[in-house]
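Read through the structure below, which is laid out as structure tokens, and then see the notes.
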Amino acid sequence: MAHQLTSLTAQRGSGVTSIVLLLIIIVIAGKLIIAIMPAQVGDYQLDKTLSTQLKEANSNGETAKQFVERVNRQLSINADYDTSAEEIFTFTNKKTGELAIYKKYAKTSNFFGNVDIVNRFEGEINATSAE
């Protein structure tokens, strides 16, 4: 009888430990999602903005300098004041009407204490991908 009681107690303790570990894992996963998702959504929106602006600039026959001004103006309208076009992309083709860019930048999000998550984004955007 005493042996049965001991194994029941051990099982109950194991269940509580499992629940606590599961809660810790859920909290960490939630914190990761909260730290990563805004950067991912922001990159998606930036891609759409850059593609749209590139398509319009190429249609209008704008120079590389005019395109940079156009993007900076759009970033300002979108209230993205801490980002400038010069920091997020470089030109792979500066020929008027055939502008193409390579986007490369990083966003840092605080995860916990002094542990940060760095999201790096890069990719090519040209006239065909802007359509």
Side-chain angles (χ1 to χ4, degrees):
M1 182 74 178
H3 180 49
Q4 270 185 329
L5 187 60
T6 305
S7 64
L8 286 176
T9 306
Q11 287 177 350
R12 192 175 311 129
S14 176
V16 170
T17 304
S18 298
I19 291 171
V20 169
L21 287 175
L22 182 63
L23 285 173
I24 290 171
I25 290 170
I26 289 171
V27 166
I28 291 172
K31 183 76 171 141
L32 268 172
I33 289 171
I34 290 171
I36 293 172
M37 284 307 293
Q40 297 293 327
V41 170
D43 181 60
Y44 174 76
Q45 292 173 335
L46 182 62
D47 266 351
K48 289 191 66 85
T49 299
L50 290 175
S51 293
T52 303
Q53 297 301 322
L54 186 63
K55 183 178 179 184
E56 288 180 26
N58 283 333
S59 295
N60 297 340
E62 294 180 6
T63 64
K65 183 179 178 184
Q66 290 170 319
F67 174 70
V68 169
E69 291 169 357
R70 170 190 281 275
V71 170
N72 280 330
R73 193 170 42 251
Q74 187 62 44
L75 290 172
S76 177
I77 290 170
N78 293 351
D80 195 353
Y81 302 116
D82 60 340
T83 305
S84 70
E86 295 86 355
E87 297 171 347
I88 56 176
F89 68 81
T90 56
F91 284 95
T92 56
N93 185 353
K94 285 188 171 187
K95 189 174 179 184
T96 302
E98 297 178 16
L99 298 174
I101 58 173
Y102 187 78
K103 173 191 70 161
K104 185 176 182 180
Y105 70 101
K107 287 281 185 185
T108 304
S109 315
N110 184 269
F111 178 59
F112 182 75
N114 42 334
V115 177
D116 291 334
I117 296 176
V118 178
N119 294 288
R120 288 186 172 82
F121 302 102
E122 56 184 283
E124 190 170 336
I125 302 173
N126 55 34
T128 56
S129 67
E131 306 210 5

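Starting from 1, each residue takes its place in the sequence as its number.
Summarising the hydrophobic clusters (Ile, Leu, Val, Met, Phe, Trp, Tyr; side-chain heavy atoms under 4.5 Å, direct or chained), the residues clustered with Val118 are none. Counting side-chain heavy-atom gaps under 4.5 Å among Ile, Leu, Val, Met, Phe, Trp and Tyr, the cluster of Met37 also holds Ile33, Val41.
In this structure, CG in Leu46 is found 4.5 Å from CD1 in Ile88, a value given to the nearest 0.5 Å. Note: Leu54 CG to Thr49 OG1 = 12.0 Å, rounded to the nearest 0.5 Å. In this structure, CG on Leu50 lies 4.5 Å from CD1 on Ile125, to the nearest 0.5 angstrom. Here Lys65 contributes atom NZ and Lys94 contributes atom NZ; the two are 11.5 Å apart, rounded to the nearest 0.5 Å.
Counting heavy atoms from C-beta outward, Ile117 and Leu32 have side chains that approach closer than 4.5 Å. Counting heavy atoms from C-beta outward, Phe89 and Val71 have side chains that approach closer than 4.5 Å.
Taking each heavy atom of Thr108 and Asp116 in turn, the nearest pair found is CG2-CB, 3.6 Å. When all heavy atoms of Ser109 and Ala35 are compared, the pair lying nearest together is OG-O, 3.1 Å. In plain terms, the two heavy atoms of Asn119 and Ile36 that are nearest each other are OD1-CG2, 4.0 Å. The two residues Ala57 and Leu99 make their nearest non-hydrogen contact at CB-CD1, 4.3 Å. Leu75 and Ala85 make their closest contact through CD1-N, 4.0 Å (heavy atoms, listed as atom of the first residue, atom of the second, distance).
Both Ile28 and Val20 sit in one connected hydrophobic cluster of ILVMFWY residues. Membership requires side-chain heavy atoms under 4.5 Å apart, directly or through other members. At a threshold of 4.5 Å between side-chain heavy atoms, the hydrophobic network of Ile, Leu, Val, Met, Phe, Trp and Tyr places Val115 and Ile24 in one connected group. Transitive grouping of hydrophobic side chains (ILVMFWY, heavy atoms separated by less than 4.5 Å) keeps Val68 and Tyr102 in distinct clusters.
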Note to self: Please determine whether side-chain contact (heavy atoms from CB on, under 4.5 Å) holds for the pair Thr90 and Lys104, giving the CA-CA distance in whole Å, both sets of side-chain angles, and the decisive distance to 0.1 Å.
What the structure shows: CA-CA 8 Å; Thr90 56; Lys104 185 176 182 180; over 6 Å; no

Note to self: Let's go through Glu86 and Asn72 carefully: what are the C-alpha distance in whole Å and the side-chain angles of both, what is the deciding distance for side-chain contact (heavy atoms from CB on, under 4.5 Å) to 0.1 Å, and is it a yes or a no?
What the structure shows: CA-CA 9 Å; Glu86 295 86 355; Asn72 280 330; 3.6 Å; yes

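Using a distance-only test at 3.5 Å, with no hydrogens or angles considered, a donor-acceptor pair links the side chain of Asn110 to the main chain of Gly113. Under a 3.5 Å cut-off, the side chain of Asn60 and the backbone N or O of Glu62 do not form any donor-acceptor pair. Judged by distance alone, the side chain of Asn93 and the main-chain N or O of Ala100 form no donor-acceptor pair under 3.5 Å.
In this view, Asp43 and Lys103, Tyr105 satisfy the side chain to side chain donor-acceptor pair (under 3.5 Å) rule, not counting sequence neighbours.
Ring geometry, Phe91 versus Phe67: the interplanar angle exceeds 60°, so the pair is classed perpendicular (tilted spans 30 to 60°).
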